[in-house]
Visitor: 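Got a structure for you, written out below as structure tokens; questions coming shortly.
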Amino acid sequence: MVDNIKRSLLVSIWFVFLTFPLMVVKVNTLKNIVEWRWINMLWVAIGAFVLSIVWRWAMERRQLKNKKAEQGEEESVLPGFGQRLLEDPKIFKPVLIALALVTLVFPLVVDIYQTNIMVLALIFVVLGLGLNVTVGLAGLLDLGYVAFFAVGAYTYGVLNSFFGFGFWISLPLGGLMGALFGIVLGFPILRLRGDYLAIVTLGFGSIAKIVIENWEEVFNGAKGIANIPRPGFFGAEMSIHTATTYTYYLMILMVLFAIFITNRLKDSRIGRAWMALREDEIACVAMGVDMARTKLGAYAFGAFWAGLAGVIFASRNTYINPNSFTFMESALVLSIVVMGGMGSIIGVIVAALVLILMPEYLRAFAEYRMLMFGAVMVLMMIFRPEGLIANVRRKYAGRKVVTEDANARG
Amino acid sequence: MEYFLELSSSGLVRGSIYALIALGYTMVYGIIQLINFAHGEIYMIGAFVALIVSGVLTIYGFSGVSILILAGLIAVIYAAAYGYTLEKIAYRPLRNAPRLSPLISAIGMSLFLQNYVLLAQTPDFLRFPALIPDFEFMEPIAHIMGSPELVILVTSAVSRVGLTVLIKYTRIGKAMRATQQDMTMARLVGVNVDNVISMTFIIGSVLAAIGGVLVGSYIGQINFYIGFMAGVKAFTAAVLGGIGNIPGAVLGALVLGLTEAYAAGYISSAYEDVFAFGVLVLILILRPSGLLGKAVKQKV
Amino acid sequence: MPEVSKTMPEVSKTMAEPDNVLLDVKDLTMDFGGLRAIDAVSLNVCPGEIVALIGPNGAGKTTFFNCVTGIYKPTNGAVMVHPPEGKSQKINGFKSNRVTTIGMARTFQNIRLFQNMTVLENVMIGRHCRTTTSIIGAILRGSKTRRQERETIEISYDLLEKVGLVDFADEFAKNLPYGAQRRLEIARAMATDPFLLLLDEPAAGMNPQETKALDELIVRIRDKEKISILLIEHDMKLVMNISDRIYVMEYGKEIAQGSPMDIRNNPKVIEAYLGEDADA
Ligand SMILES: Nc1ncnc2c1ncn2[C@@H]1O[C@H](COP(=O)(O)OP(=O)(O)OP(=O)(O)O)[C@@H](O)[C@H]1O
Ligand SMILES: [Mg+2]
């Protein structure tokens, strides 16, 4: 105990030293004045002290867990809350019904501002679900995901401003353009190892933004494209309020659609191949899986959703410019996937809602949000790599059941 | 011709800076196969500390070269401390985790450090004092290469020589080379691998901080975001030269710096970053082992 | 050196006619930079055979497998396959998924299972190259997709039964004991419907009982499933028990081949093995 406190004191002193110039001193090089913010030193000292105690405790627990796992013991006797939620119909059903009701009435009871934010959150849910396939299932770390989001948004923007294309034609086109770019960009980098892939995709993301910024004739450069129509409904005139509500329901459908499709893929030949590729590329290929096709498929599939989400994003904002498509957006979607638990659909939805809505409602939090995202990524990797809600592996029906099933069907 | 020389000089200056940062990437990668995404942030923090220290010193009446030396020294110490702590918190617990885990942790750390500086200091650009003195003997060729450029080239070269000596002739250098070859084996013959890794981060951070101070005083302004692009480019340089290969990192950095300078000068500066990434993508596709790296087949 | 060349005619003598050979490797050579890991090794496997490839550590056995299965591209030589059905072809430089699709599947010396997938899913991956569902097909989940999926599950359960792992079907592969992981690798390879199974040290790390069971399993695979077997193994008892023919490698060269009897009494082989610490 005393030892513990002593060590935490040392850590605390170390961090006081570490943060001293940046946290305490602030110079104004123009006016030549120095501001000493001694109070920050106190906060750092207390914070580091407490956190170091928590850290050590968490590390001990982690070690214990790892040791148990090594000895082949089950991690916990009780299934986690996440799993219970998914598997126990007694909990699952009422929760689902309640959620459905809340989702349905949400835009009717809140004002347009809230609905609009919710639409944004749902857009990020779709982005998260898409990237979840690329990163979570197939293990391809894509740091330039925002490029495909931009492709979708600008597909709509450009098609609309040049040729007057409407939302409903642009939506599938945006998705397809996303997928196409996924394949075109994915092709040359198929053979790259995981970390090289990460840095190259980061490059693609940055290049996309630079091209948009500088190609005035097509993308209108930094000024962006304005007056993009909201989604239409058989040409009906809609007030902003109705249009927003309409977009909201549209997004809900889209999310459901995305869940449905990702779920089907996950439990299929393709989904299994993606996971195997993530687990061990060499073994996977040696078992007869075509690496190029499988990777491109995962890449294009993720990009497709980003493209779709991009079109909706453009129509929600009615205005797009390059600043909506920076590395921060890629990092945001990545933290959604990481926090939700790689490969887990429910996890991603929860994480997207939390990460997008929290800063909107807790303004004080907004300032610290990128700081928190960073910390969350590190902490999740160390303490809970499986995410908040771990991916539950599907159990396939036993053979007996299957054969009967087959017989019944003839 | 004059214009070409001017571009070459600016390209070499860029390259020298990239080299200082790229060395950190390549050393860390050589030993633990991790892209230390937060390395660019260490460079940025080095620049910030130097700026703060020099600001304080100026107000307390110091001047000229004494500021440069003190600020540089303190920046280097702090960068080393940050590099050491970074490894301990974000990477050491993930030593045996799947490959993507430390990479994501590194990205997280990069975001964290950027925003830490943003919140603790300011989102705006800060004016960095011109610490590097003007030498009179550079006057005649100042339009091609001025004193700051010269100082950058020389400092960078000296640091690189220092690093080479350290790695070739000291005990820790030997331990580093052993660990790079085979970590398990090095541990078996009594090398304290944890210390070696810490040391690698510290050395890399020191070099990055030197780069940070030089750039700050050369460009004249810094903000919390300068580490990002510099980091990406330095990494590109490291890959270009063959990651894990120390002379390769320097060569890659100089090639990249010159390419960028010529591209910006003769084609368009708007697409400057596109060129850097273009080079990276091309090299990874055509020769993933880089200019000086050896192609190794993964053992199965 | 001259001793080696003396064995060469032997090799070509036993080379059977193409229509009676499944795998026919001629003068295979593999260099890693300056290191010649395999030096002009020839080997063939006929239908219904269990052939063993033995040799001291570092002899180049695993590298030989890697060259044959497309993980490495050999520097020189020819790897010919003559599948029971389908056309004969030279497969040097084919990607390993193509080799597997042609009908040669392998296991790995350092177990390479898909750790975070279930035991059943591991086997199901083996079926990948024998099924056709595309992304669109998986989304629509039509009758053909459903049928394939059912077959995949059924075949995979069958295979798990054959290797005695059916009770672990829903476990994560990483939670299996070592011996079971080796058997799972065999089941996964068998799921690809091979005509030739290449096993890289399947008995490594197994206790005597497990080894005995493995012995029976391998023979059963050959007899019941009609899959021929090429096997790398250090366990001499196992090798002598089940092999029809044995090839011996040392320092990348083939130093002998023949029946277990011949090999047991071959002075060169004895020397090669006594040369190292009696590990065999
Ligand atoms: N990818 C590679 N790069 C360089 N050298 C390699 C590579 N793979 C194998 N080698 C070398 O080739 C030689 C043969 O290795 P191989 O793994 O084939 O031996 P082995 O006969 O399987 O031995 P063991 O019985 O220990 O498994 C060794 O000297 C090894 O170091
Ligand atoms: Mg081997």
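Reckoned from all heavy atoms, side chains included, excluding hydrogens, waters and symmetry mates. Just so you know, these numbers come straight off a predicted model, no measurement behind them.
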Visitor: Counting heavy-atom pairs under 4.5 Å with chain A, which one of C:Leu113, C:Thr101, C:Thr133 comes out on top?
Guide: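 The residue among C:Leu113, C:Thr101, C:Thr133 with the greatest pair count is C:Thr133.
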
Visitor: Taking the side chain as C-beta and beyond, is there a heavy-atom pair between C:Tyr178 and C:Glu210 under 4.5 Å?
Guide: no

Visitor: For A:Phe383, I'd like to know if atom CZ has over 12 heavy atoms of other residues, nucleotides or ligands within 6.0 Å.
Guide: yes

Visitor: Please output the residues of residues 253-262 of chain A in contact with chain C, using a heavy-atom cutoff of under 4.5 Å, in numerical order.
Guide: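 Contacts with chain C: A:Ile261.
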
Visitor: Need one label for C:Ser156: side chain, backbone, both or neither, based on atoms under 4.5 Å from any heavy atom in chain A.
Guide: neither

Visitor: Against chain A, label C:Thr132 side chain, backbone, both or neither, depending on which of its atoms sit under 4.5 Å from a heavy atom there.
Guide: backbone

Visitor: If you count heavy-atom pairs within less than 4.5 Å of chain C, which of A:Arg264, A:Arg269, A:Met291 leads?
Guide: A:Arg269

Visitor: State whether C:Arg127 and C:Glu154 are salt-bridged, where the test is any N-O pair (Lys NZ or Arg NE/NH1/NH2 against Asp/Glu carboxylate O) under 4.0 Å.
Guide: no

Visitor: Between A:Gly288, A:Gly271, A:Cys284, which shows the greatest number of heavy-atom pairs under 4.5 Å with chain C?
Guide: A:Gly288

Visitor: Between C:Asp200 and C:Ile232 (side chain of the first, backbone of the second, donor and acceptor by atom type, cut-off under 3.5 Å), is there such a pair?
Guide: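 No: the side chain of C:Asp200 does not pair with the backbone of C:Ile232.
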
Visitor: Could you check C:Glu149 against A:Arg272 for salt bridge (Lys or Arg N to Asp or Glu O under 4.0 Å), going step by step and ending with a plain yes or no?
Guide: CA-CA 12 Å; C:Glu149 189 77 3; A:Arg272 284 191 300 269; 2.8 Å; yes

Visitor: Determine whether a donor-acceptor pair (N or O, by modelled atom type, separation under 3.5 Å) exists between the side chain of C:Glu185 and the backbone of C:Phe108.
Guide: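 Answer holds: yes.
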
Visitor: Evaluate the side-chain proximity of C:Cys129 to C:Asn97: yes if any heavy-atom separation is below 4.5 Å, no if none is.
Guide: no

Visitor: Just so I know, are the side chains of A:Val348 and A:Val125 near enough to count as touching, which here means a heavy-atom distance under 4.5 Å?
Guide: no

Visitor: Using non-hydrogen atoms and a 4.5 Å limit, figure out which bit of C:Ile135 sits close to chain A: side chain, backbone, both or neither.
Guide: both

Visitor: How about A:Arg62: does its CZ atom have over 12 heavy atoms from other parts shown lying under 6.0 Å from it?
Guide: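 Atom CZ in A:Arg62 is crowded, with more than 12 foreign heavy atoms closer than 6.0 Å.
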
Visitor: Quick one: of C:Lys95, C:Arg106, C:Arg188, C:Gln115, who has the most non-hydrogen atom pairs under 4.5 Å with chain A?
Guide: C:Arg188

Visitor: Please check if the side chain of C:Tyr247 supplies one atom and the backbone of C:Val51 the other of a donor-acceptor pair under 3.5 Å.
Guide: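 A pair under 3.5 Å: no.
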
Visitor: So which part of C:Leu140 gets closer than 4.5 Å to some heavy atom of chain A, the side chain, the backbone, both or neither?
Guide: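 Answer is backbone: N, CA, C or O of C:Leu140 sit under 4.5 Å from chain A.
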
